[in-house]
Amino acid sequence: MPIRLTNSLTKTREDFVPLDPANVRMYVCGPTVYDFAHIGNARPAIVFDVLFRLLRHEFGEGHVTYVRNITDVDDKINARAAEIAAQTGVAVEQARSDLTATTERQYIEDVTALGCLPPSVSPRATQHIGEMIGLIEKLVANGHAYAAPSSNGEGAHVLFDVQSDDDYGKLSRRSLDEMMAGARVEVAPYKKGAMDFVLWKPSDAGTPGWDSPWGRGRPGWHIECSAMAGKYLGDTFDIHGGGIDLQFPHHENEIAQSECAHHKPYVKTWLHNGFLQVEGEKMSKSLGNFFTIRELLADWPGEVLRFNMLRTHYRQPIDFTFAGLRESWKMLERWYAVTEPLANPSPDAAFFDALRDDLNTPAAIAALHQASPDALAGGLGFLGFSNVQMKIAAKAEVDTVAIADAIAARNAARKAKDFAESDRIRDEWLAKGIVFKDTPQGTTWEVKK
RNA sequence: GGCCACGUGGCGGAGUGGUGACGCAGCGGACUGCAAAUCCGCGUACCCCGGUUCAAUUCCGGGCGUGGCCUCCA
């Protein structure tokens, strides 16, 4: 059975046939490194990590290239760095490089805790300015982009001429007329067309900039992905993933830039994960339901967060809830109790068939419920779960010596048929979140969640 | 306002033009001093209104609700 994927470009579920089975190529939009990643950012990281694992399984570990970029040039970064510089007195350049380096490191730590494998390549935008300029020059030369001098005469904006691209709108399925009709933004005076977007913009003295044919400036948002994807994956590659909110304008513009520059199809299969809500509401700081991965990891094992995410199909909207997290924890704990002693884990056919069917992780999890212990352990391992982290989290900050003493005292009471005392000890520890279990092999305990 | 997605049992969540996926919770039973854990058993759900059809939760149209994009937020 081939892998089938729902292609946003065609809106149909298609058999996935790689352009080159010896080098299957996937690009996923990574983080802009100015602050901790939130739980919504975790979704594409986890979803496309599972796809990466599946592709490696199908085509061989050495035959898949997965690129996830780091956006380290951005006006949000500049704004945050300026704030930090003002508060701490450090130079703004230093604040900026510290901010991006620190945030990138935190992101890697977070997604690693969520069980994600490192991508094959994690390119940084600032290290590919030359490639971006090259791409922009190409677009200017072939008439798809134009330079508009800035009002103060220093440097120029370079804009992509949307009218020059007959295919513009093919991903998000909207015509230019529709976009114009719905537009609520004032059009910058230097634009020829209202929907034209920035490839390059001038930088003033306090803003990071690079020398270019259009003066000192910095890249627009979309060009970095086209440049880096092209460099590491070629003019045409297999899969491009990201959140549904990036479909327009970001991915639409990537297509426009790359296809007008190279006159070749950019991406064969576009994949978009659905949006995340928290407790039935939009996640926002003002509603007080905004959670970073970092703060959730303080209370929940990364595996629980990961499993919780995979219980919903990647294209569906997901409602992130703490009740769901507790349920996920419970399911994993039960499974780990069964799989722990096994030596020959191997996923079964039902499990793989579910994953091949448009990465249907809820169906794969259902298959796991019906699986033999070996197939269960294999499936869990395949999805990136191992119980080590759970055990650490579950038994952290627990006084195991005191628990052992309590168990001994309780068993002495039980032997003497002093059940009032034995139940008192059990209830005392239950109140502390420790559950005692009497088994034929003796009394064990675990943390209640 | 324009475009788009989603709406399944108490909860989560697949899927399908015609036989109740699966999980959590709950209930009954076994086990236990009593529990917990485990095992066995138990559930006629598909937002509303039309239409197509022998048959619709599944297809089509409209409505309502939630959310996304159109404002460099995955």
Side-chain angles (χ1 to χ4, degrees), chain A residues 8 11 28-32 35 37-48 71 73-77 169 172-175 177-186 194-195 197-198 201 219-222 224 241-253 272-277 280-284 290 308 310-319 321 323-331 333-334 337-338 350 354 357-358 360-370 413-415 417-420 422-423 426-427 430 434-440 443-446 448:
Chain A
S8 303
K11 287 215 175 180
V28 174
C29 291
T32 299
D35 202 351
H38 57 68
I39 186 66
N41 297 311
R43 174 115 101 145
I46 292 169
V47 161
F48 294 110
T71 298
V73 50
D74 180 276
D75 286 348
K76 284 199 297 294
I77 294 173
S172 50
R173 290 189 160 61
R174 29 186 128 183
S175 67
D177 288 345
E178 279 170 4
M179 290 188 253
M180 306 286 218
R184 295 188 308 194
V185 228
E186 272 189 52
M195 298 307 296
F197 58 90
V198 173
K201 51 188 166 186
W221 175 35
H222 316 293
E224 60 165 292
I244 185 68
D245 57 322
L246 289 183
Q247 190 174 62
F248 188 89
H250 183 53
H251 292 158
E252 192 72 62
N253 292 353
H272 290 100
N273 62 271
F275 218 71
L276 175 140
Q277 284 181 267
E281 287 183 303
K282 179 185 173 121
M283 179 169 75
S284 72
F290 186 95
N308 195 247
L310 295 177
R311 287 171 60 199
T312 302
H313 184 93
Y314 75 92
R315 271 189 296 106
Q316 291 287 111
I318 191 170
D319 188 17
T321 66
L325 241 31
R326 281 188 288 275
E327 195 176 310
S328 293
W329 188 322
K330 189 177 297 183
M331 287 164 71
E333 276 190 332
R334 284 184 184 176
V338 177
D357 185 15
D358 199 24
N360 194 333
T361 51
I365 289 167
L368 254 26
H369 283 294
Q370 316 304 315
R414 290 176 68 208
K415 203 163 186 181
K417 306 251 187 244
D418 184 357
F419 297 121
S422 68
D423 289 351
R426 186 173 63 199
D427 291 345
L430 184 61
I434 304 297
V435 184
F436 289 173
K437 303 176 181 181
D438 300 326
T439 75
T443 301
T444 64
W445 62 273
E446 65 184 35
K448 180 183 163 198

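Here is the naming used below: chain letters follow the sequence lines, and residue numbers restart at 1 for every chain.
- Taking atom P on both nucleotides, G23(B) is separated from C40(B) by 10 Å, rounded to a whole Å.
- Ranked by how close their nearest RNA chain B nucleotide is to the 5' end, P31(A) and M331(A) are led by M331(A).
- Considering only heavy atoms from C-beta on, M195(A) stays 4.5 Å or farther from P249(A) through its side chain.
- Taking atom CZ of R311(A) as the reference point, atom P of A14(B) lies 10 Å away to the nearest angstrom.
- A distance-only check finds no donor-acceptor pair linking the side chain of N360(A) to the backbone of A354(A) [under 3.5 Å].
- The gap from the P atom of G62(B) to that of G12(B) amounts to 28 Å, rounded to the nearest Å.
- Among the heavy atoms of the strands lying under 4.0 Å from Q370(A) are primed sugar atoms or P, OP1, OP2 only; no base atom is included.
- Nearest heavy atoms, V73(A) versus P219(A): CG1-CG, 4.1 Å.
- Taking only side-chain nitrogens and oxygens, K330(A) comes nearer than 4.0 Å to OP1 or OP2 of A25(B).
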Should K330(A) and R326(A) be marked as a side-chain contact (heavy atoms from CB on, under 4.5 Å) after you check the CA-CA gap, both sets of side-chain angles, and the distance that decides it?
CA-CA 6 Å; K330(A) 189 177 297 183; R326(A) 281 188 288 275; over 6 Å; no
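- Put simply, CG on L325(A) is 14 Å from P on G12(B), counting in whole angstrom units.
- Residue T439(A) has no polar side-chain atom (N or O) positioned under 4.0 Å from OP1 or OP2 of A37(B).
- Across all strands, F419(A) comes closer than 4.0 Å to base atoms (heavy-atom distances).
- No N or O donor and acceptor, one from the side chain of Q316(A) and one from the base of G13(B), sit under 3.5 Å apart.
- Using a 4.0 Å heavy-atom cutoff across all strands shown, E327(A) reaches at least one base atom of the nucleic acid.
- For the P atoms, the distance from C60(B) to G17(B) is 12 Å, rounded to whole Å.
- A donor-acceptor pair under 3.5 Å links the side-chain atoms of E252(A) to the main chain of G169(A), judged by distance alone.
- A donor N or O paired with an acceptor N or O is found under 3.5 Å between the base of C34(B) and the side-chain atoms of R426(A).
- Of all nucleotides listed (A14(B), A74(B), G23(B)), A74(B) comes nearest to the side chain of D245(A).
- No side-chain donor-acceptor contact under 3.5 Å links R315(A) to the backbone of D358(A).
- Only the C1' atoms considered, G10(B) is 27 Å distant from A5(B), to the nearest whole Å.
- With both ends at atom C1', the span from G18(B) to C22(B) equals 22 Å, rounded to whole Å.
- Two residues are said to be in side-chain contact when any heavy atoms from C-beta on lie closer than 4.5 Å; T443(A) and R414(A) meet this criterion.
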Given the rule in the side-chain contact (heavy atoms from CB on, under 4.5 Å) test, do T312(A) and R43(A) qualify, once you have shown the distances and angles that lead to the verdict?
CA-CA 10 Å; T312(A) 302; R43(A) 174 115 101 145; 4.2 Å; yes
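- Note: NE2 (H369(A)) to P (U38(B)) measures 13 Å, nearest angstrom.
- Using a 4.0 Å heavy-atom distance criterion, L276(A) is classed as a base contact.
- Between the side-chain ring of F275(A) and the base of A74(B), a stacking contact exists by the 5.5 Å and 30° definition.
- Nucleotide A5(B) holds its C1' atom 14 Å from the OH atom of Y314(A), rounded to whole Å.
- For a distance-only test at 3.5 Å, the side chain of D423(A) qualifies as a donor-acceptor partner of the base of G33(B).
- Among G13(B), C6(B), G33(B), the nucleotide with an atom closest to any side-chain atom of R414(A) is G33(B).
- Partners of F275(A) under the side-chain contact (heavy atoms from CB on, under 4.5 Å) rule, at least two apart in sequence or in another chain, are I244(A), D245(A).
- Put simply, K11(A) has a side-chain N or O that comes within less than 4.0 Å of OP1 or OP2 on A5(B).
- Nearest nucleotide to the H38(A) side chain, out of C34(B), A74(B), G23(B): A74(B).
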Begin with the C-alpha distance, continue with both residues' side-chain angles, and end with the deciding distance and a verdict on side-chain contact (heavy atoms from CB on, under 4.5 Å) for N253(A) and W221(A).
CA-CA 10 Å; N253(A) 292 353; W221(A) 175 35; over 6 Å; no
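- Across the interface with RNA chain B, nearest-nucleotide mapping of S172(A) and H313(A) shows S172(A) to be the residue nearer the 5′ end.
- At the phosphate of U38(B), neither OP1 nor OP2 sits under 4.0 Å from any side-chain N or O atom of K437(A).
- Distance NZ (K417(A)) to P (A35(B)): 16 Å, rounded to an integer number of Å.
- Under the 30°/60° scheme for interplanar angles, the aromatic rings of F290(A) and H38(A) are found to stand perpendicular.
- As judged by a 4.0 angstrom heavy-atom cut-off over every strand, P249(A) is placed among residues touching the sugar-phosphate backbone only.
- Separation of the C1' atoms belonging to U52(B) and G1(B) is 33 Å when rounded to the nearest angstrom.
- Between R334(A) and C24(B) there is a side-chain N or O to OP1 or OP2 distance below 4.0 Å.
- Distance N273(A) CG to G67(B) P: 19 Å, rounded to the nearest Å.
- To the nearest angstrom, P of C22(B) lies 15 Å from CG of N360(A).
- Among the heavy atoms of the strands lying under 4.0 Å from G242(A) are primed sugar atoms or P, OP1, OP2 only; no base atom is included.
- The same atom, C1', is picked in U57(B) and in U19(B); the two are 15 Å apart, to the nearest Å.
- When distances are taken from the side chain of K282(A) to each of G68(B), A14(B), C22(B), the shortest belongs to G68(B).
- G29(B) and A36(B) are spaced 13 Å apart, taking the P atom of each and rounding to whole Å.
- Rounded to an integer number of Å, the gap from CD1 of I318(A) to C1' of A14(B) is 14 Å.
- Comparing A5(B), A35(B), C70(B) against the side chain of D438(A) picks out A35(B) as the nearest.
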Just to be sure I follow the notation: if a pair is Watson-Crick (purine N1 to pyrimidine N3 plus N6-O4 or O6-N4) or a G-U wobble (N1-O2 and O6-N3), each under 3.5 Å, what dot-bracket string does RNA chain B give, with | for pairs to another strand?
(((((((..(((.....[...))).(((((.......)))))....(((((..]....))))))))))))....
